[in-house]
Amino acid sequence: MKSPEMYLECVSCGKTYDPWDLRYKCDCGGILDVKRDLSKIDGEELRKLWDSRWGLKRGVESSGVWRYRELILSVPDEMIVTRQEGNTRLYPAGSAGKWAGLSDLWFKHEGENPTGSFKDRGMTCGASAARRLGAKSVACASTGNTSASMASYAAVAGMRAVIFIPEGKIAYGKLAQALAYNGRTLQIQGNFDDAMALVQDVCRELNIYLLNSINPYRIEGQKAICIETLQQLDWQVPDWFVIPGGNLGNNSALGKALMELHELGIITKIPRIAVIQAEGANPLYTMWKNHTEFKPVRNPETIATAIKIGNPVSWPKSMRAVTWSNGVVEQVTEQEIMDAKAKLDAAGIGAEPASCCSLAGAKKLRDSGVIGPDEKVVGILTGNILKDPDAVVGYHQDTLMDHYGIRGTFANKPVVIPATLDAVRKALGD
Ligand code: F0G
């Protein structure tokens with residue numbers, strides 16, 4: 001099947017551009033979408049083609065992103081920078097579902113990607129676009145996962161990775177990855193929003209290719225989370241997708257994938273999207289709840305450092321996805337995030353704090369009656385449990401109160417005992 005031609009279109013004014021114009025924004029300042037004429041594609045044929053690629057062992061299409069290449073990015077195979085990303089599991093929620101009061105809750109675990117987060121799906125696409133454009137250097141601002149992913153893909157592609165992270169504010173596992181994958185790591189004295197503003201200037205002035213999710217090709221890759229989930233469900237559409245929101249690229253991608261699958265007739269039902277933000281970094285929630293203009297949060301704060309973002313670039317695309325799907329935006333407290341994390345971890349699944357907004361939000365929406373007890377819900381887990389060991393150990397040792405005001409409600413405290421059988425018996429209560 002021939003892939004339809006791509007072009008770029010401004011989300012605000014509709015102006016179109018050549019797909020390989022090196023730009024991230026429209027002349028009017030609006031952000032850009034990758035578009036295709038889907039009217040010439042037979043949705044049924046496309047679905048069959050994707051199903052025929054399921055389980056491929058080798059080659060570009062064994063990737064859980066490039067399996068869907070017709071809707072991802074049109075580039076020749078030799079330009080593709082891939083680590084066979086995607087192909088992540090879809091788990092029944094087990095005891096975490098019971099805790100949330102949901103009988104049909106599932107988790108798509110994007111922490112099982114090569115660098116431990118969903119970012120690899122967008123990054124394979126962004127890095128391939130960089131190669132197609134002949135870029136030698138790529139850059140991003142990051143709360144940690146984008147930088148880990150970009151450093152890895154740049155290393156695979158033989159490009160230089162320039163990373164801007166807020167000093168002292170990213171999880172240790174993520175900083176370790178950026179250094180290990182040989183990214184040039186610049187710790188900015190400021191927060192993520194400051195780093196994001198700076199990196200846009202740097203890329204323009206120093207001719208470096210920008211790989212934040214303002215880059216529309218990143219969003220195209222991230223659509224594969226949704227497509228792969230539906231394929232795992234034999235194309236049966238759940239009632240809800242629940243997803244954390246930070247810079248708001250991922251839920252924008254989810255919405256865009258659903259819109260395109262719907263236009264192609266591959267799905268006929270539209271699931272509702274619930275975007276979950278941390279209470280201390282909640283500009284989308286405030287806008288949606290109060291029907292007001294978008295207003296950035298000046299000093300975002302949350303233990304879920306991945307989503308500690310006050311001025312998300314992709315909010316117009318995100319709002320479009322929520323509105324189109326008759327979705328909702330919810331916020332969760334620090335305590336709710338970490339209690340949900342304890343339950344998700346203890347169910348044997350596990351994820352980093354920001355991911356656990358999916359469970360915390362699903363429970364909150366169940367408790368308030370927005371989600372019914374037997375509705376089918378898919379939560380997206382965005383990052384691996386090992387990304388942020390400090391948050392885990394702090395919760396279980398109950399030391400998060402002073403800094404974050406979080407109690408170790410479900411703490412599983414480690415105990416120190418003498419090395420004797422008796423002491424073990426006592427510790428186990430036998
Ligand atoms: N969960 C995790 C683990 C993340 O790393 C991020 C974003 C999100 C959720 C939110 O996704 O930004 O698309 O709304 N992390 C970015 C980064 C900002 O730099 O790694 P979003």
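Positions are given from 1 along the sequence. Atoms within each ligand, like the ligands themselves, are counted from 1 in listed order. Worth saying up front: this structure is predicted, and the values here are computed from it rather than measured.
- For ligand 1, the polar-atom distance check against L248 finds a nitrogen or oxygen pair separated by under 3.5 Å.
- Using a 4.0 Å cutoff on heavy atoms, N251 does not count as a contact of ligand 1.
- Salt bridge K363/D339: absent, no basic N to carboxylate O contact under 4.0 Å.
- Contacts of I307 with ligand 1, taken as heavy-atom pairs under 4.0 Å, involve the side chain alone.
- Atom 4 (C) of ligand 1 has as its closest protein heavy atom A306 CB, 3.5 Å.
- Taking distance alone, with nitrogen or oxygen atoms compared against 3.5 Å, S147 stays at or beyond that limit from ligand 1.
- Protein heavy atom nearest atom 12 (O) of ligand 1, with residue, atom name and distance: N247 N, 2.7 Å.
- Using 4.0 Å as the threshold, S117 has no heavy atom nearer than that to any atom of ligand 1.
- Under 4.0 angstrom from ligand 1, the non-hydrogen atoms of K119 all belong to its side chain.
- Polar contact with ligand 1: absent for S355 (N/O pair, distance under 3.5 Å).
- When only interatomic distances are considered, the shortest N/O to N/O separation between N250 and ligand 1 falls below 3.5 Å.
- Considering backbone and side-chain N/O of E352, none are found under 3.5 Å from N/O of ligand 1.
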